[in-house]
Amino acid sequence: MKVSNLSLNEQRLVAGLSGGFLLLFVVLAFFDLQQMTQWINQGFAWTIDVFGPLWQVWMLANLVIALVLGLTRYGDIRLGGDVAPDSSTFRWLAVIMCTLLAGGGVFWSAAEPMYHYVTTPPLFAESESGVSQVSAALAQSFMHWGFLAWAALGTLSAIVVVYAHYHKGLAMRPRTLLYPLLGEKVETHWLGTLADVVSIIAVAAGTIGPIGFLATQLGFSFEALLGWENNYGLQLAILGGLVLIYTLSASTGIEKGIQWLSSANVVLAVILLAIILLAGPGNFIIDAFLNGMGIYLQDFMPMALNRQDDSWLGWWTLFFWGWFIGYGPMMALFIARISRGRSLRELVMAVAVMAPLVTNFWFSSIGGAGIFYEQAAAGVVSGPLQESGLPAALLAVTQQLPLAELMVPAFLVLTVIFVATTGDSMAYSIAMAISGDHTPRTRQRIFWALTMGLVAAVLLRMGEGGINALQSFIVITAAPVSLLLLPVLWTGPRMAHAMAYEQGIVTQAPRSKVASTESAS
């Protein structure tokens with residue numbers, strides 16, 4: 001397969017615009033964080049108001065269409081042609097599980113169920129169905145981290161990238177999502193440049209946030225456990241160690257460091273979950289998971305399309321939808337990169353079904369254990385969460401677990417690896433997006449890994465306000481990205497039909513002029 005080359009000037013333009021925008025954000029925040037935060041909050045409110053309903057409909061439509069493709073004859077499509085996959089199924093699944101929602105999910109798995117347990121979400125607060133607080137809390141958490149969230153990160157969008165890159169020979173960049181609309185001229189069109197830039201900015205912001213949060217979480221944990229002062233020096237040292245880990249992983253590539261780190265992460269997570277289930281409140285967790293899943297499936301549509309409380313939606317559902325949509329284009333590149341040779345059915349089942357179920361059980365295990373201990377002693381988890389915020393939740397839960405002297409440090413290590421697997425894969429994806437190369441140069445991966453760490457360090461210097469401003473900014477960046485992803489609702493099925501026709505799965509030729517051109521592979 002011959003992939004079209006991109007001019008060095010075009011690469012420099014994309015890198016300069018995306019990197020320059022991040023630099024401008026940091027400079028403005030450094031000189032006047034209060035004013036910057038005010039602007040961001042205004043932009044956040046406008047984005048939620050204008051784009052919120054669109055995001056809710058898009059997330060639902062994306063999942064439904066992906067499931068239809070995966071469960072019909074189109075599921076037989078071989079992504080990238082009839083070639084052997086690059087890695088074993090276990091390693092492929094491990095990379096998916098540890099890359100997509102891992103960086104955020106590890107923080108929210110303890111905190112979000114407790115938030116919803118203490119303050120029942122509006123949909124359930126006004127319901128007369130008698131849903132328990134525990135089931136309502138977990139069902140709402142499942143909605144935010146389940147089927148809709150995962151499907152948004154690598155189903156229809158990945159199909160378009162696979163077709164444009166492996167079948168038509170375009171460089172692997174976010175602009176390939178526009179290939180069905182613009183054809184091969186997308187590589188030189190200004191809309192292509194804009195697509196690359198906004199996608200890089202969105203995913204960089206979405207990755208820097210968890211990196212910064214990890215430094216604050218571990219700093220809080222070290223202060224609580226060891227008495228070390230949770231100051232900037234400690235947070236900077238933690239950040240330096242994390243950046244070193246994911247930079248080394250990114251530099252060795254997907255087949256080595258990224259796969260090894262992801263596989264180790266999955267094994268450690270399974271061991272810790274087994275200990276919680278066997279030595280901790282296993283029966284409560286299993287019951288809570290099944291009851292929560294029942295409510296989640298029963299009220300899936302009302303939760304997905306709920307518009308009852310605009311303020312609540314803005315700080316919960318729509319915040320998460322903006323975050324995940326911002327990740328969408330870069331995740332599509334990464335999923336397309338690691339899934340060549342897999343069937344479309346494998347991709348849809350892994351990303352849109354299996355991974356959400358595993359995530360939901362993870363939330364039930366960590367968050368459910370927190371609720372169990374909270375019921376036994378009110379305030380044991382909710383107290384630290386309300387006093388110290390997100391960083392305190394996981395520590396508060398793990399301190400209540402059996403074998404706490406082992407479980408606490410083990411979960412801290414797990415958290416570090418989870419965030420590292422997000423950092424290395426996103427540094428790799430950004431390098432791909434700028435260079436257009438299937439395997440970008442090592443120095444490009446290292447540069448973006450270090451750049452994200454440097455931005456996080458500057459924002460940490462400003463205190464929690466800097467990281468919080470970035471978190472709200474993530475939602476703003478999702479606005480242009482959502483316009484880039486909107487067409488995949490119809491171009492994804494079109495590209496799937498084109499691949500199915502090429503592989504003899506369907507006999508009706510594609511109607512699209514772009515999709516039916518001769519393959520460049």
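What you are looking at is a predicted structure, and each value in this text was computed from that prediction instead of being measured.
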Residue among Arg337, Arg91, Arg342 satisfying salt bridge (Lys or Arg N to Asp or Glu O under 4.0 Å) with Asp86: Arg337
If we only count heavy atoms from C-beta on, is the Met426 to Tyr246 side-chain gap below 4.5 Å? no
Indicate yes or no for a side-chain donor-acceptor contact from Ser135 to the backbone of Val131 under 3.5 Å, with no hydrogens or angles considered. no
Taking Thr451 for the side chain and Phe447 for the main chain, is one N or O donor matched with an acceptor at less than 3.5 Å? yes
Can you tell me how far apart OH (Tyr232) and CG (Leu239) are? Round to the nearest 0.5 Å. 7.5 Å
Look only at the side chain of Ser251 and the backbone of Leu248, and say whether a donor-acceptor pair between them is shorter than 3.5 Å. yes
Kindly indicate whether the side chain of Phe324, heavy atoms from C-beta on, has any atom under 4.5 Å from the side chain of Leu153. yes
Between Thr207 and Ile211, does the side chain to side chain contact (heavy atoms under 4.5 Å, CB included) criterion hold? Intermediate values first, please. CA-CA 6 Å; Thr207 305; Ile211 291 172; 4.0 Å; yes
Within the distance-only criterion (no hydrogens, no angle test), does the side chain of Thr398 pair as donor or acceptor with the backbone N or O of Leu395 below 3.5 angstrom? yes
Look at atom CZ of Phe21 and say whether more than 12 heavy atoms of other residues, nucleotides or ligands are closer to it than 6.0 Å. no
How about Val397 and Met114: do any of their side-chain heavy atoms sit closer than 4.5 Å? no
Qualifying salt bridge (charged side-chain N to carboxylate O under 4.0 Å, His left out) pairs, either residue in residues 220-244, two or more places apart: none
Derivation and outcome, side-chain hydrogen bond (donor to acceptor under 3.5 Å, both in side chains), residues Trp58 and Ser482: CA-CA 9 Å; Trp58 185 89; Ser482 63; over 6 Å; no
Given Phe284 and Ile371, is the side chain to side chain contact (heavy atoms under 4.5 Å, CB included) satisfied, shown in steps? CA-CA 10 Å; Phe284 179 88; Ile371 293 174; 4.2 Å; yes
Whether Thr216 side chain and Phe213 backbone form a donor-acceptor pair below 3.5 Å: yes
Does the Arg340 side chain pair with the main chain of Pro85, one donor and one acceptor, at a distance under 3.5 Å? no
Output for pair (Ile430 CD1, Ser425 OG), nearest 0.5 Å, gives 9.5 Å
If I take atom CG from residue Leu450 and atom CZ from residue Arg443, how far apart are they, to the nearest 0.5 angstrom? 14.0 Å
Gln56 and Asn306: which non-hydrogen atoms are nearest, and at how many Å? NE2-O, 3.1 Å
Taking every heavy atom of Leu148 against every heavy atom of Leu60, the minimum-distance pair comes out as CD2-CA, 3.7 Å
Are the ring centres of Trp108 and His144 closer than 6.0 Å? no
Less than 4.5 Å apart, side chain to side chain, heavy atoms only: is that true for Leu347 and Ile335? yes
Could you tell me whether the side chain of Ile40 reaches within less than 4.5 Å of the side chain of Phe25, counting heavy atoms only? yes
Aromatic ring pairing Phe147/Phe300, orientation class (parallel under 30°, perpendicular over 60°, tilted between): tilted
Whether Asp196 side chain and Arg173 backbone form a donor-acceptor pair below 3.5 Å: no
Just verifying a value: how many Å separate Thr421 OG1 and Asp424 CG, rounded to the nearest 0.5 Å? 6.0 Å
Would you please classify the geometry between the His116 ring and the Trp316 ring as parallel, tilted or perpendicular, with 30° and 60° separating the classes? tilted
Does some side-chain heavy atom of Phe334 sit less than 4.5 Å from a side-chain heavy atom of Met330? no
Report the C-alpha separation of Glu346 and Trp92 in whole Å, then their side-chain angles, then the decisive distance to 0.1 Å, and conclude whether the side-chain hydrogen bond (donor to acceptor under 3.5 Å, both in side chains) test is met. CA-CA 11 Å; Glu346 285 180 286; Trp92 177 64; over 6 Å; no
Which atom names give the shortest non-hydrogen contact between Leu268 and Ala410, and what distance separates them? CD2-O, 4.2 Å
Look at the aromatic rings of Trp362 and Phe411 and report parallel, tilted or perpendicular, splitting at 30° and 60°. tilted
Take Phe30 and Met36 through the side chain to side chain contact (heavy atoms under 4.5 Å, CB included) test and state the conclusion after the steps. CA-CA 9 Å; Phe30 184 80; Met36 184 70 170; over 6 Å; no
Hey, does Ser472 have a side-chain heavy atom less than 4.5 Å from the side chain of Trp315? yes
Determine whether a donor-acceptor pair (N or O, by modelled atom type, separation under 3.5 Å) exists between the side chain of Tyr373 and the backbone of Val380. no
Start with the C-alpha distance between Phe320 and Trp55, add both sets of side-chain angles, then the distance that settles ring-ring contact (aromatic ring centres under 6.0 Å, His included), and finish with yes or no. CA-CA 10 Å; Phe320 286 127; Trp55 292 350; over 10 Å; no
Any donor-acceptor pair under 3.5 Å from Ser249 side chain to Ile245 backbone: no
Is it the case that atom CG in Asn231 sees more than 12 heavy atoms from other parts of the structure closer than 6.0 Å? yes
Distance col, row Ile276:CD1 vs Leu401:CG, nearest 0.5 angstrom, shows 5.0 Å
Please check: side-chain N/O of Glu374 versus main-chain N/O of Val381, any donor-acceptor pairing under 3.5 Å? yes
Show the nearest heavy-atom pair for residues Ala202 and Val481, with the distance to one decimal. CB-CG2, 3.9 Å
Rounded to the nearest 0.5 Å, what separates atom CD1 in Ile474 from atom CH2 in Trp323? 6.0 Å
Are the side chains of Ile96 and Ile338 in contact, using a 4.5 Å heavy-atom criterion? yes
How close do Ser435 and Pro440 get, heavy atom to heavy atom, and via which atoms? OG-CB, 3.7 Å
Step-by-step side chain to side chain contact (heavy atoms under 4.5 Å, CB included) determination, Leu69 to Leu156: CA-CA 9 Å; Leu69 291 176; Leu156 298 184; 3.7 Å; yes
Residue pair Pro174 / Leu333: nearest heavy atoms and the distance that separates them: CD-CD1, 3.7 Å
